[in-house]
Amino acid sequence: MNEIIRSVKGTRDFYPEEMAQRQWLIGKMRDASTAFGFTQYDGPCLESIELYAAKSGEELVREQAFVFPDRGGDPITLRPELTPTLARMVAQKQNELVFPLRWWSFGPFWRYERPQKGRTREFFQWNVDLIGSDSVLADAELIAVAATFLRMVSIQPQDVQLLVNDRQLMDQAMTSAGVPADKKGEMLRLIDRLDKLPADVWDEKVLGLGLSLSQLDSVKALLQNKHLWQESSNLRQLFEVVESLGVHEYVTYDPRIIRGLDYYTGTVFEARDTKGEFRAILGGGHYGNLIGDVGGKPLPGVGFAMGDVVISLVLEAYGLLKDELSNTGTVFVTVFNEEMLAQSLQLASKLRAEGLQVVTQTEPEKLAKQLKFADRLGYKAAIVMGPDEESQGMAQVKNLRTREQELVTLNALAEKLKQMIS
RNA sequence: GUGCCUGUAGCUCAAUGGCAGAGUGCUUCACUGUGGAUGAAGAUGUUGAGGGUUCGACCCCCUCCAGGCACCCCA
């Protein structure tokens with residue numbers, strides 16, 4: 001055991017069971033994306049460090065990106081996020097692309113941080129972006145894509161909500177609460193950490209920014225104000241459109257949503273479980289000028305990203321993660337004995353020609369062992385053909401779930417099996 | 001990068017300084033033409049690694065490694 005080489009810290013092995021879940025999850029992401037006409041794209045996993053230098057959170061690149069020299073000595077970065085790559089891809093073809101773009105992607109990302117619940121060093125992320133529209137309709141549409149995904153994986157609105165806010169609204173609110181202009185950034189960061197810090201420590205930090213007690217109180221008051229959104233024409237319109245799109249049951253206003261990344265300029269949102277047991281499931285927002293940072297002409301957009309780790313934990317907690325192996329469509333053809341080997345393999349071949357997925361026994365074993373093998377792999381149907389059946393031109397079709405079996409003529413076999421595994 | 005906790009059979013865990021165990025899983029058999037049950041038998045450990053204390057260490061101490069949780073940051 002000690003001699004098995006360990007996997008790299010923070011990485012995960014996907015055994016067939018986990019791989020089946022991953023594929024299932026990707027399928028739901030694809031369904032939600034394509035329901036709104038988004039098309040898939042991808043960029044390289046290796047990028048130059050300069051791509052991230054202009055933007056992203058400072059720490060994300062400096063502290064958390066995997067950076068290593070290639071054989072020529074140039075620094076290479078394993079992408080920690082997709083948005084800069086997207087910005088570059090759009091900037092490169094800005095004059096030929098048809099806007100607004102509706103693009104989605106799914107792929108691996110790497111961040112060098114201590115693994116913990118919901119956080120690994122290698123993870124997968126679903127990215128959805130709508131670029132080239134500054135309309136609140138675009139923001140609402142992205143929220144609707146996220147909500148549609150939640151609906152497609154059967155997550156209930158009472159369990160997970162998309163919490164929405166607007167950075168410009170918060171900026172104004174900070175002003176009217178008396179937060180000095182040069183302290184707003186720090187104030188917003190503190191709001192972001194509100195539930196991480198003990199209440200008294202939080203108060204102290206706010207006062208440390210130079211706010212008075214009454215200003216602290218007015219900040220706290222506005223963070224409790226569930227109706228603050230009504231002061232923002234952007235959000236008033238957003239919630240109206242969200243309602244028209246039929247996903248309002250998944251969407252709530254929350255003045256405490258700020259989001260970390262520096263490039264968000266307007267609407268911001270994230271999905272949280274309502275019990276507050278898990279980290280943010282997805283996060284996103286409106287960016288006013290993403291493309292400009294990598295050398296293109298300024299273009300607004302809106303996008304969100306969802307990691308595979310937290311959503312999997314949430315789905316598991318609610319018993320919604322598909323845990324069935326994708327073997328249920330497979331037919332197992334037993335080999336009764338050595339004399340029957342040729343006939344059994346021929347039968348399997350014939351069934352494959354009919355479009356079925358067929359596994360055969362590789363060595364002669366007792367029938368009991370063969371059936372146990374098929375059962376443990378999750379196969380649903382098995383064929384038993386011994387000398388008795390063979391002489392009549394028939395075979396036993398066994399349903400491994402119900403343990404029932406039926407004698408069927410070889411010609412009707414494929415049809416019977418398809419019916420059983422469907 | 002900081003702090004706390006945990007490493008014992010494939011898995012879940014017990015043994016608190018005195019002979020390393022249980023449940024489950026696994027293998028075989030009862031069952032020479034039928035798998036989830038039942039019964040019987042069997043196999044499996046450098047107690048994460050290295051060092052120290054002790055007559056004696058899974059247990060106490062040190063170092064390292066790995067994992068978990070929280071902070072930081074964020075999907």
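Naming: A, B, ... by sequence-line order, numbering from 1 per chain. Only this structure's heavy atoms are used, side chains among them; waters, hydrogens and symmetry mates stay out. Quick caveat: nothing in here was measured; it's all calculated off a predicted structure.
Taking the C1' atoms as reference points, rC11(B) lies 33 Å from rC74(B), given to the whole Å. Here, rG17(B) and rC61(B) have their C1' atoms 14 Å apart, quoted to the whole Å. Annotation: rG7(B) and rA15(B) have their C1' atoms spaced 16 Å apart (nearest Å). As rounded to the nearest Å, rC59(B) and rU16(B) have P atoms that lie 13 Å from one another. With P as the reference atom, rG10(B) and rC4(B) are 32 Å apart, rounded to whole Å.
Comment: Arg272(A) does not engage Asp195(A) in a salt bridge, judged by the lack of any side-chain N to carboxylate O separation of less than 4.0 angstrom.
Of the candidates rA75(B), rU28(B), rU34(B), rU28(B) carries the atom nearest the Lys369(A) side chain, counting heavy atoms from C-beta on. Listed nucleotides rG35(B), rC73(B), rA70(B) differ in distance to Gln64(A); the shortest reach to its side chain belongs to rC73(B). Closest approach to the Lys372(A) side chain among rU27(B), rG1(B), rC72(B) is made by rU27(B) (side chain taken as heavy atoms from C-beta onward). When the nucleotides rA75(B), rC26(B), rU34(B) are ranked by their closest atom to the side chain of Arg376(A), rC26(B) comes out on top.
At a cut-off of 3.5 angstrom, counting only N and O atoms as typed in the model, there is no donor on one side facing an acceptor on the other between the side-chain of Gln396(A) and the base of rU34(B). In the interface, the side chain of Arg114(A) is not paired with the base of rG67(B) through any donor and acceptor atom under 3.5 Å apart. For Arg111(A) against rA75(B), a side-chain N or O and a base N or O form a donor-acceptor pair under 3.5 Å. In terms of polar N and O atoms assigned as donor or acceptor, the side chain of Gln116(A) never comes within less than 3.5 Å of the base of rG67(B) in a complementary pairing.
Following rounding to the nearest Å, Glu113(A) (CD) and rC74(B) (P) show an atom-to-atom distance of 10 Å.
Taking a 6.0 Å sphere around CZ of Phe14(A), one finds it holds more than 12 heavy atoms contributed by other residues, nucleotides or ligands. Residue Lys418(A) qualifies as enclosed at atom NZ: its count of foreign heavy atoms under 6.0 Å is above 12.
Using a 4.0 Å heavy-atom criterion, one finds that Leu400(A) contacts the bases of the nucleic acid, with or without backbone contacts as well. Counting non-hydrogen atoms under 4.0 angstrom, Glu404(A) reaches nothing in the nucleic acid. Among the atoms of the strands shown, base atoms are found under 4.0 Å from some heavy atom of Val384(A). Among the atoms of the strands shown, base atoms are found under 4.0 Å from some heavy atom of Thr120(A). Across all strands, Phe336(A) comes closer than 4.0 Å to base atoms (heavy-atom distances). Within 4.0 Å (heavy atoms only), Asp388(A) reaches at least one base atom of the nucleic acid. If you check every strand for non-hydrogen atoms under 4.0 Å, Lys9(A) touches sugar and phosphate atoms only. Across all strands shown, Leu282(A) has heavy atoms under 4.0 Å from sugar-phosphate atoms exclusively, and none from any base. Residue-level contact check: Glu270(A) touches neither bases nor backbone, having no heavy atom under 4.0 Å from any strand.
Between Thr402(A) and Arg119(A), the one whose closest nucleotide on RNA chain B sits nearer the 5' end is Thr402(A).
For Phe278(A), the ring-ring contact (aromatic ring centres under 6.0 Å, His included) test picks out no residue, with sequence neighbours left out.
Listed pair Lys366(A) / rC29(B) meets the phosphate criterion, a side-chain N or O lying under 4.0 Å from OP1 or OP2. Using a 4.0 Å cut-off, some side-chain N or O of Lys196(A) falls inside it from OP1 or OP2 of rC72(B).
With hydrogens and angles left out, the side-chain atoms of Thr175(A) and Lys184(A) include a donor and acceptor closer than 3.5 Å.
Checking each of Leu321(A), Leu315(A), Val314(A) against Tyr318(A) for a side-chain contact (heavy atoms from CB on, under 4.5 Å) leaves exactly one that passes, namely Val314(A).
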Task: Pairing pattern in dot-bracket form [Watson-Crick, G-U; both distances under 3.5 Å; | = partner strand] for RNA chain B - done: (((((((..((((....[..)))).(((((.......))))).....(((((..]....))))))))))))....
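Figure legend: cation-pi geometry between Arg22(A) and Phe124(A), with NZ or CZ positioned under 6.0 Å from the six-membered ring centre and within 45° of its axis.
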